[in-house]
There are 2 protein chains.
Amino acid sequence: MFRETTLAQTLRADVALIRLSFLVQSIYAQMCAKHDLSPAQAQLLCVIKDRPRGMSELAGLLRLERPGLSGLVDRIERRGLVRRDTPVHDRRAVTLTPSPRGQKIVEAFYAEVSDRLLEVIAHLPAADRRQFERIATKIVTIECVPAVFGDEANEPI
Amino acid sequence: MFRETTLAQTLRADVALIRLSFLVQSIYAQMCAKHDLSPAQAQLLCVIKDRPRGMSELAGLLRLERPGLSGLVDRIERRGLVRRDTPVHDRRAVTLTPSPRGQKIVEAFYAEVSDRLLEVIAHLPAADRRQFERIATKIVTIECVPAVFGDEANEPI
DNA sequence: TATTGTTATACTCTATAACTATA
DNA sequence: TATAGTTATAGAGTATAACAATA
């Protein structure tokens, strides 16, 4: 391989990863602003959009301490986007479910983020897109990244 | 292509991008904590580590409003990690430079983030790593992502 | 007048420590 | 006692609007 010829043109993987992440965060933030959600609120809604979750489980998925999550839920509940429930079999616990309005908002948000991210790779040759999906899936699977975004139906087994 | 056979195993590009970003942010946050930097402070230091920048330029690169940047700089200056200077030719302006201690910290931080990110792809076959670098570089180049991380010497032309 | 940056204000986010209620 | 979650507190981050100084 003639590495010299590409050195100045191809970013090192670490730099590429950071910038890719910066790009995604930037798109995510734009869509949040458009739907009047903070990034934290949007992420919370995305995690509960397909099924309710308990507070501890959510804190783990979102990598938050539980008091921080409590506050986040307070604010988004005050806006009427989620509902706290107490399961009958354990009255210490709380499960979180999107309200009908929250569900509508998160679905619209999710769809637009997806669209915008797919645009990001739309200009690549189809072979590159497939390669990218394959390799990126490998990376996040090996690293056990929690399912903070995605459809239940389209998860790797 | 027999898409059906891989549908359940390969994530869609949008989902993969979000999770990759989540992974990177998570690693970034861990390294920040280790070096006692907030993510915003670390990013600021990374942007000025190779050369001083003006406040407006920084606000643009970091996608912050200027009052937010002023506060960020106040806090990090109070910790003695950066220095504000006024260039003689325009006394309205302010340039930001890491202090010697700030420079040492950001270089250590930068090196560890790089290492950890390179570990993330270290288990992939070499061909996958090269493909990933190539395609990710294309994406961030097409999308004009600002150089928030990287060496001056290793930028695409 | 336009530009650079800061101050004032308000809110969200998030951590640690201490607490309450249930198991 | 251990677990689930909340309250109290404090500080960081960030936005908008109003301001000051310089060009």
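Just so it is clear: chains get the letters A, B, ... in the order the sequence lines come, proteins before strands, and each one is counted from 1.
- Legend: residues meeting salt bridge (Lys or Arg N to Asp or Glu O under 4.0 Å) with A/Arg129, ordered by chain and number and at least two apart, are absent.
- Across all strands shown, A/Ser70 has heavy atoms under 4.0 Å from base atoms, whether or not it also approaches the sugar-phosphate.
- Checked by atom type and distance alone, the side chain of B/Glu77 never pairs as donor or acceptor with a backbone atom of B/Val82 at under 3.5 Å.
- Within residues 27-46 of chain B, no residue places a heavy atom under 4.0 Å from DNA chain C.
- Counting 5' to 3', DNA chain D first comes under 4.0 angstrom of a heavy atom of chain B and last does so at the ends given by D/dA12 to D/dA23.
- The side chain to side chain contact (heavy atoms under 4.5 Å, CB included) search around B/Gln25 returns A/Ser21, A/Gln25, B/Ser21, not counting sequence neighbours.
- In terms of the salt bridge (Lys or Arg N to Asp or Glu O under 4.0 Å) criterion, A/Arg75 has no residue partners (sequence neighbours excluded).
- Not one N or O on the side chain of B/Thr10 forms a donor-acceptor pair closer than 3.5 Å with the backbone of A/Arg134.
- Each salt bridge (Lys or Arg N to Asp or Glu O under 4.0 Å) pair with one or both residues in residues 104-118 of chain B, not counting sequence neighbours, appears once here: A/Glu143-B/Arg116, B/Lys34-B/Glu112, B/Arg116-B/Glu119.
- Along DNA chain C, the nucleotide nearest to B/Met55 and the one nearest to A/Leu64 differ in position, and the one closer to the 5' end is contacted by B/Met55.
- Mapping A/Gly71 and B/Pro67 onto DNA chain C by nearest heavy atom places B/Pro67 at the nucleotide closer to the 5' end.
- Residues that satisfy the side chain to side chain contact (heavy atoms under 4.5 Å, CB included) test with A/Thr97, not counting sequence neighbours, are A/Pro52, A/Arg83, A/Asp85.
- Checked against side chain to side chain contact (heavy atoms under 4.5 Å, CB included), A/Ala136 has the following partners two or more places apart in sequence or in another chain: A/Phe132, B/Ala16, B/Leu20.
- Scored by the side chain to side chain contact (heavy atoms under 4.5 Å, CB included) test, A/Ser26 finds A/Gln30, B/Arg63 as partners (sequence neighbours excluded).
- B/Leu72 comes within 4.0 angstrom of the backbone, heavy atoms only, and of no base.
- Separating the CZ atom of B/Arg53 from the P atom of C/dG5 is a distance of 14 Å, rounded to the nearest angstrom.
- Within residues 74-94 of chain A, the residues that have a heavy atom under 4.0 Å from DNA chain C are, in order of number, A/Arg75, A/Asp90, A/Arg91, A/Arg92.
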Please tabulate, for side-chain N and O atoms in residues 37-45 of chain B, each donor-acceptor pair with protein atoms closer than 3.5 Å (sequence neighbours left out).
{"unit_1": "B/Ser38", "atom_1": "OG", "unit_2": "B/Gln41", "atom_2": "N", "d": "3.1"}
{"unit_1": "B/Gln41", "atom_1": "OE1", "unit_2": "B/Ser38", "atom_2": "N", "d": "3.4"}
{"unit_1": "B/Gln41", "atom_1": "OE1", "unit_2": "B/Arg79", "atom_2": "NH1", "d": "2.8"}

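- Partners of A/Ser70 under the side chain to side chain donor-acceptor pair (under 3.5 Å) rule, at least two apart in sequence or in another chain, do not exist in this structure.
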